[in-house]
Amino acid sequence: MDYKYIEQLLESYWQCETSVQEEQILRTFFSQEEVPVQLLRYRDLFAYQQAEPQTDVLGDDFDSRMLELTGNSQPVKARTMSLTQRLKPLFKAAAIVAIILTLGNAAQVAFDVEPPTPDTPETAATEQPQEGPKVALGDTLRIDTLQANMLQTAVD
């Protein structure tokens, strides 16, 4: 007897190209008593599916039991968020960066001050005054009495 059709169905089965009806033909063929020797090795695979009853089937009340266990029968409401609430993390990050940059600049100015050089009386009038940190620029218009006396004696 020629079993080419069954062999073709097996090839299609291994390539996952069979329909439900073709798989049923294979199950029916391998459930027979007389199976050729060359196809006997596939018999257990197809015979098992028909011989084994389906015991692991969910009951009709499964969904209702799961819903009772969760106890979450109320729908979840969506929360609306304003634009400021969405951008709050960005504002916090920008504030942190601004604080770090401000502290870094303050530390850099404090460490960049050059030590003053001692002025001799003859070069005091010709050299430009040394600038310190630019912290209080508004106070530079006032000349204290000591500087005024030094300027007056240098001109004389």
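The chain is numbered in sequence order, starting from 1. This one's a predicted model, so the numbers in the text were calculated from it and none came from an experiment.
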Point-to-point distance, once rounded to the nearest 0.5 Å, from OG1 of Thr70 to CD of Glu68: 9.0 Å

About how many Å separate CD of Gln15 and CD of Glu17, when rounded to the nearest 0.5 Å? 4.5 Å

Here the pair of heavy atoms bringing Gln32 nearest to Val35 is O-CG2, 3.8 Å

What orientation do Phe30 and Tyr42 show, parallel under 30°, tilted 30 to 60°, or perpendicular over 60°? perpendicular

Regarding Thr18 and Glu23, is there a side-chain donor-to-acceptor distance under 3.5 Å anywhere? yes

Value rounded to 0.5 Å, distance of OH in Tyr3 from CG in Leu39: 8.0 Å

Once side chain to side chain donor-acceptor pair (under 3.5 Å) is applied, do any residues pair with Thr84, and if so which ones, sequence neighbours excluded? Ser82

Leu45 and Tyr13: side-chain contact (heavy atoms from CB on, under 4.5 Å), yes or no, with the steps? CA-CA 12 Å; Leu45 175 68; Tyr13 182 79; 4.1 Å; yes

Here the gap from Leu103 atom CG to Ile100 atom CD1, rounded to the nearest 0.5 Å, amounts to 8.0 Å

Is there a path from Ile96 to Leu101 through hydrophobic residues (I, L, V, M, F, W, Y) whose side chains come within less than 4.5 Å of each other? no

Pairwise distance CZ(Phe62) to CG(Leu67) - rounded to 0.5 angstrom: 9.5 Å

Hey, would you say the Phe46 and Phe29 ring centroids sit under 6.0 Å apart? no

Using atom types as modelled, flag every donor-acceptor pair under 3.5 Å from a side chain in residues 86-95 to any protein atom, sequence neighbours excluded.
none

Glu22 side chain to Ser19 main-chain N or O, any donor-acceptor pair under 3.5 Å? yes

